[in-house]
Amino acid sequence: MNLSILNLAVKSFRFRKFSVGLTILSLAISIMLFLSVDTIRVQAKDNFVNTVSGIDLIVGSRSGSVQLLLYSIFHIGNATNNVSWESYEKITKHPRIHWSIPISLGDSHKGFRVVGTNQDFFQHYQYKKNNKLLFDTGTEFSNLFDAVAGSNVAKKLNYSINDEITLAHGIGNVSLTSHDNLPFKISGILHPTGSPIDDSIVIDLKSLEAIHIGWEHGISNKTNFSAKDIELEDIALQTQSITAFLVKLKSKHDVFNIQRAINDYRKEPLLAILPSVALLELWKVVGIIEKILLLISGFVIITALFSMLAIILTNLNSRRRELAVLRSVGASPLDISLLMIIETELLIVFSMILGIVLLYLSIILLSPILYSSYGIAMVLTPLSTFQWMLLVCILIAGLLISLIPAFNAYRNTLQDGLTIRS
Amino acid sequence: MDKPKQCIQISQLVFRWPGSHNDLLSIPKLTIEQGAKIFIHGASGSGKSTLLNLLTGVLTPTQGSISILDQSISHTKKAQLDSFRANHFGIIFQQFNLIPYLTVMENIMLPLSFSKHRLSKAQEYKSDIHHQAMEILESLGLDEHNISNRNITELSTGQQQRIAAARALIGAPEIIIADEPTSALDADAKHGFIDLLFNEVKKTNSTLIFASHDHTLATMFDRTLPMDNLTSAHSS
Ligand SMILES: Nc1ncnc2c1ncn2[C@@H]1O[C@H](COP(=O)(O)OP(=O)(O)OP(=O)(O)O)[C@@H](O)[C@H]1O
Ligand SMILES: [Mg+2]
């Protein structure tokens, strides 16, 4: 019995292709909108929270934890103070510390940040759930004036291996004070990471020290140094201070002890933060927008459901005759109600399927744009539990909504009996 | 299968629409034998459709009782009445009998998907029910090959009414109810349609209840029930 009702519903859809198609399309688009807002939201959060992974602590001079996170990882803003190399060495000698990555910021190249670090960076730095840095071409720096370019830098500035670049003192596109007496040679180009590394140029800490010879007071007091001079004069290139450092512990259990120890470090006011905690904290600030977007797309779905109801009810009036005929061949009022429920649910199921297809299409089409303009790497993932729950909610809402035409149809067939009203 | 001799028995029936001040129908006693061809005649608004709705159990009598095939339908639950109707009634309307989104064949087969009883009865008669449907169409004067692949909306009213008749006849229900099935047809087509309907009804010994305001048709039937005699105004 139900099978034949389902059959009827499908055939009546085929008969009313155009209006049914439009109804499905509008509901599908609203479902797609909601799902894609949610997908982008989740993946953006994922991208964000995993900007840096595989480390236990970020250490910098004492400031706010969000500020430390912003300048050390996202290269936004500046550190107010540095961490002395002495402290860095002393702290990282701690037996519970597995490895560490020093980071020194402050210079730039055509608007891109320069990150001074050492070989440990390439060995240990991880992004997006334990992905190691990979080279698209070339290798890490081996000579004093080697530089590694992030993928975006290379792409935007059209750099390839062995290109020469000069760094600027300070941050910004137009810099009056530059280090153009000491050009660097690109030794490698990194694979895209979807993290701020893509927009960075990575050089050796020693090189950073070298180009700052004579810059102790922020302005150059010696001119026309060349790479040769430095090598010839054999100036000791000892790093004096760094901006921050990343720490990996031997055991996660020590994280709070070490954090406290660093925060209580006597010789220098330092701050150690847990990156995951700080990232989540920062996301909460950013994340209000995503909640608003989600809410709006939720309302879009509700609107689409209501307009679907309006269309069904309008159709119902012109279908009174059809329903009386069905009744005359043996369909009970309940069968006819069931027909309405099945038709509504079919509309919703078709809309959902189309909505999901549109979602994946939009991810495929949008992800290059999202990636290139926001660094958000979208991946095709199966629907999340939340998204399935939403779909189930829409199904249930559809069921409740379909009770209205079902009740109307039931009442009409009882009232009309076998009489056909025109 | 034993056919009951009496098909329809009505006693002390009174029907009044809720909110109305007068009884619309008042039938002290009425018996219709199985296989009879009954013409219900009355002007528009006289209550023909109402009576048919009472017979099919769609409406419940205000007073009195109706028995169909020895079952008292005034004491049967609504849901059971629905399946009772599907099993034992074939119904033809004045017009717009066909579901536009179904094919001619699907329209004819419709009662069989709502009534197992009629399906098995049809299969008993001939296991290939498609063939059977085509046979009925043919005996109703339709070239089934020409018809079955045509769009319902392209068919003439006469063709549509004959398809509706085929649908009412398939599975040989005991009672065929026809509510002004010919009023949209011209005079020749009217008589042709009724003749064909009679032929088919005879084959299965079905009772035919045919309502119309057109008194010229009365002579074709076994018996005429004028609505004037069945309304309360007359009997009171
Ligand atoms: N659902 C209803 N509620 C109240 N009164 C009704 C209803 N349906 C019909 N009536 C009334 O019952 C009376 C009989 O109507 P009915 O439809 O049975 O007449 P009919 O003989 O079939 O007429 P027609 O030849 O025009 O089809 C009419 O006066 C009509 O107004
Ligand atoms: Mg009528």
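So that the names make sense, note that chain A is the first sequence line, chain B the second, and so on, each numbered from 1. Fair warning: this is a prediction, and the values are worked out from it, not measured in the lab.
Atom CG of B:L110 is separated from atom OG of A:S328 by 8.0 Å, given to the nearest 0.5 angstrom. One distance of note links CZ of A:F15 with OG1 of B:T153; it measures 6.0 Å at 0.5 Å rounding. For the atom pair B:L98 CG and A:R321 CZ, the distance stands at 11.5 Å (nearest 0.5 Å). We find the OG-CG distance between B:S113 and A:L8 to be 7.0 Å, quoted to the nearest 0.5 Å. Distance check, rounded to the nearest 0.5 Å: OG of A:S332 to NZ of B:K78 gives 12.0 Å.
Environment of CZ in A:F18: sparse, with no more than 12 heavy atoms of neighbouring residues, nucleotides or ligands closer than 6.0 Å. Within a 6.0 Å sphere centred on CD1 of A:I289, other residues, nucleotides and ligands contribute 12 heavy atoms or fewer. In the displayed structure, A:I288 atom CD1 is contacted under 6.0 Å by at most 12 heavy atoms of other residues, nucleotides or ligands. Residue A:W388 places its CH2 atom among 12 or fewer non-hydrogen atoms of other residues, nucleotides or ligands, all under 6.0 Å distant. The 12-atom threshold is exceeded at CZ of B:F221, counting heavy atoms of other residues, nucleotides or ligands nearer than 6.0 Å.
Side-chain contact between A:L326 and B:I99 is present, with at least one heavy-atom pair separated by less than 4.5 Å. Counting heavy atoms from C-beta on, the side chains of A:L334 and B:D82 never come closer than 4.5 Å.
Between A:G330 and B:A86, the shortest heavy-atom contact is CA-CB, 3.5 Å. Here the closest heavy-atom approach between residue A:V325 and residue B:N97 is recorded as CG1-O, 3.0 Å. Minimum interatomic distance between A:V329 and B:F114 (heavy atoms only, all atoms of both residues): O-CB, 3.6 Å.
B:P173 does not touch chain A: none of its heavy atoms, backbone or side chain, sits under 4.5 Å away. For B:L59, no part lies under 4.5 angstrom from a heavy atom of chain A. With a 4.5 angstrom heavy-atom cutoff, A:R319 touches chain B only via side-chain atoms. Only the side chain of B:R167 comes within contact range of chain A, with at least one heavy atom under 4.5 Å from a heavy atom of that chain.
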Check: What do the steps show when you test B:V58 against A:R327 for side chain to side chain contact (heavy atoms under 4.5 Å, CB included), and what is the final call?
Finding: CA-CA 10 Å; B:V58 174; A:R327 186 104 207 264; 4.1 Å; yes

Practice task
List the steps and the verdict of side chain to side chain contact (heavy atoms under 4.5 Å, CB included) for B:Y101 and A:E322.
Solution key: CA-CA 10 Å; B:Y101 51 81; A:E322 172 197 328; 2.5 Å; yes

